[in-house]
Amino acid sequence: MRLSARISYDKKIFIDCEKNIIPAQAVNLSLLGIKIKDSFDHCIDVDVLVMLELDQDISLRGRVVRNEKNEHVILFCEDPKVIASTVGKYLTQKIYESKKCPFCSKSIEKDEKYCKRCGMFFDYTKPEVVRFVQDFKVGKVFYDLLIEHPEEIDEVINKDTEFIGVSKEMRTVFSLIRKYATNDYPVLIIGETGTGKELTARAIHERSHRADKPFVAVNCAAIPENLLEAELFGYEKGAFTDAHKRKIGKIEFANGGTLFLDEIGDMPPNMQAKILRFLEDLSFSRVGGNEIIYADVRIIAATNVDLDKAVEEGRFREDLYYRLNVLTIKLPPLRERNEDILILAKYFLNKYSKEVGKEIKGFSKEAEEALLSYQWSGNVRELINVIRKAVVLTENKVIKEKDLDLKRNGFGEIYWVKTDSLNLKENIERLEKDLLKKAFIVANGNITKMAKLLGISRPKVYSLIEKHKIGEVN
Ligand SMILES: Nc1ncnc2c1ncn2[C@@H]1O[C@H](COP(=O)(O)OP(=O)(O)OP(=O)(O)O)[C@@H](O)[C@H]1O
Ligand SMILES: [Mg+2]
């Protein structure tokens, strides 16, 4: 899905390429850049200045690249503010003049900010929208998010599946996704179940130059040890009793694209050795064959087990671990990023209520508090299931606490002992901080309410807040 509207722009432009001024015929214009008809091979990957006529003559810094169809495009490298006030303003004006949505062609009224059919946003005069487009290149600017959380718009990555998060932790994840997408090194994604490991792997793939090639996922824990090798590398006819004909393995399928090795921590030792060998030079042979096959794949691995410990205990090869553990992404559990809980909950509430045709306005205050204080051991996947069930079962216009059916956990198991430390003082400090954080959220920062929940005096609450810097954390 495209994010930025592309409008036809049939005009002559001038390109200043290393002090040579070259005329070119433009084809279309978007927030990201301008497509040109002419061939500019001698300027590929060179920083240029593009002179074009919008409401007035302007020049913008850009870079000539070839797109996936081998056409020449000049990508703008300007500050979002500059793009918003020039190209953004022009695009917005043209969209309204055309009176139809540039994405789905539905006719639009004069003051409509977004398309009532496809939800796309029309106003490109805002720098945050430009930044969003520049960062992600794909996706959809959600009107709701833009209006309700304008500061968070660039924290949403969206392609076929939406990837949502506004917490500091998730912002770091998004920025790593963008960085890692620009190269071919292996990536290791670490996180509890349901935190979005596969989503992260796909997001990297979709933003990489491999995006139009396959993304192939293999769950190393779900395939029996004796079949995993054939699954990954394929086999030749006659390699074993049931091998009636040659079969291509997942690695060959992924050629040019990305191979996602899920639950790599559960990969049997002999397979670990074979994958390591494959990683050395990206070549392998099918089971029962001698032919050396080369496959250009990027490996992204994920695990929910502590690989450090697995290495220590001899369950995971140290050399493979070091090979994979260069570019890593740690996905924080949902309970450690409270800011994301409500935004995810609202997003999925919206999505599922539309799906089942119910008009549900939001959550009651108590329901929000319950969502925030719940333990979420199944992370985002569990949250999705809870919301979906609540949407289907509720007869209310607003989701109430009882619709969520989270009661059994009270405030959740807020604290779990870090298995790598039994130090009493350290663990008590953590417990104190976690309880305080939960109380802060549940009480919405109200000190009297916090004191009551925690069973301590108000001055004590103040001193603990200061000690643990709770206001700053939240
Ligand atoms: N930040 C997020 N925004 C939107 N959806 C999310 C987010 N994180 C996870 N999800 C959704 O939650 C579900 C679980 O995510 P995913 O399968 O990527 O997790 P996982 O870490 O691979 O889980 P597991 O370890 O159980 O395989 C998916 O439906 C995914 O789309
Ligand atoms: Mg997974």
Side-chain angles (χ1 to χ4, degrees), residues 1-95 98 102-103 120-141 153-154 157 159 174-175 177-183 206-212:
M1 182 183 287
R2 268 185 300 127
L3 172 57
S4 161
R6 216 185 276 155
I7 59 156
S8 101
Y9 185 80
D10 181 17
K11 287 188 188 176
K12 208 165 215 110
I13 59 169
F14 292 92
I15 301 167
D16 177 349
C17 176
E18 294 174 330
K19 300 273 174 273
N20 296 315
I21 310 285
I22 312 160
Q25 178 59 44
V27 181
N28 59 39
L29 179 68
S30 82
L31 287 183
L32 289 177
I34 189 159
K35 188 160 111 187
I36 47 184
K37 253 193 199 143
D38 317 68
S39 216
F40 268 85
D41 278 326
H42 52 293
C43 293
I44 292 286
D45 284 336
V46 175
D47 290 324
V48 296
L49 209 58
V50 197
M51 289 165 260
L52 65 161
E53 180 203 328
L54 298 178
D55 292 332
Q56 54 190 32
D57 290 337
I58 56 156
S59 42
L60 296 168
R61 282 178 298 140
R63 176 164 270 251
V64 184
V65 297
R66 262 196 226 107
N67 68 10
E68 60 284 0
K69 290 188 201 132
N70 220 6
E71 298 157 329
H72 287 90
V73 179
I74 303 169
L75 291 181
F76 299 133
C77 327
E78 283 288 358
D79 187 85
K81 270 197 203 126
V82 176
I83 298 290
S85 63
T86 54
V87 180
K89 192 171 148 220
Y90 185 79
L91 282 171
T92 308
Q93 188 186 320
K94 291 288 164 198
I95 292 170
S98 76
F103 299 95
M120 295 304 259
F121 198 69
F122 302 142
D123 186 355
Y124 296 121
T125 57
K126 294 180 183 348
E128 59 269 26
V129 173
V130 177
R131 189 148 37 85
F132 180 79
V133 178
Q134 285 178 338
D135 279 355
F136 302 121
K137 311 245 174 15
V138 283
K140 188 168 166 185
V141 177
I153 192 70
D154 62 339
I157 300 185
K159 198 168 178 183
F174 295 155
S175 124
I177 287 174
R178 292 195 295 270
K179 283 190 190 131
Y180 294 175
T182 60
N183 64 65
E206 282 163 1
R207 280 154 194 82
S208 74
H209 68 94
R210 300 172 177 273
D212 54 352

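Values below: every heavy atom of this structure, side chains too, minus hydrogens, waters and symmetry copies.
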Q. Is there a donor-acceptor contact under 3.5 Å from the side chain of Glu78 to the main chain of Arg61?
A. yes
Q.
Determine whether a donor-acceptor pair (N or O, by modelled atom type, separation under 3.5 Å) exists between the side chain of Thr92 and the backbone of Asp123.
A. no
Can you give me the closest heavy-atom contact between [X] and [Y], atom names plus distance?
| X | Y | answer |
| --- | --- | --- |
| Ile34 | Leu52 | CD1-CD1, 3.9 Å |
| Ile15 | Ala24 | CD1-CB, 3.9 Å |
| Tyr90 | Lys11 | OH-NZ, 3.5 Å |
| Ala84 | Thr125 | CB-O, 3.5 Å |
| Ile13 | Ala26 | CG2-CB, 4.1 Å |

In the structure I gave you, are the side-chain heavy atoms of [X] and [Y] within less than 4.5 Å of one another anywhere?
| X | Y | answer |
| --- | --- | --- |
| Leu29 | Lys94 | no |
| Cys43 | Ile22 | yes |
| Leu91 | Arg6 | no |
| Val46 | Val64 | no |

(Q) More than 12 heavy atoms of other residues, nucleotides or ligands under 6.0 Å from NZ of Lys81: yes or no? (A) no
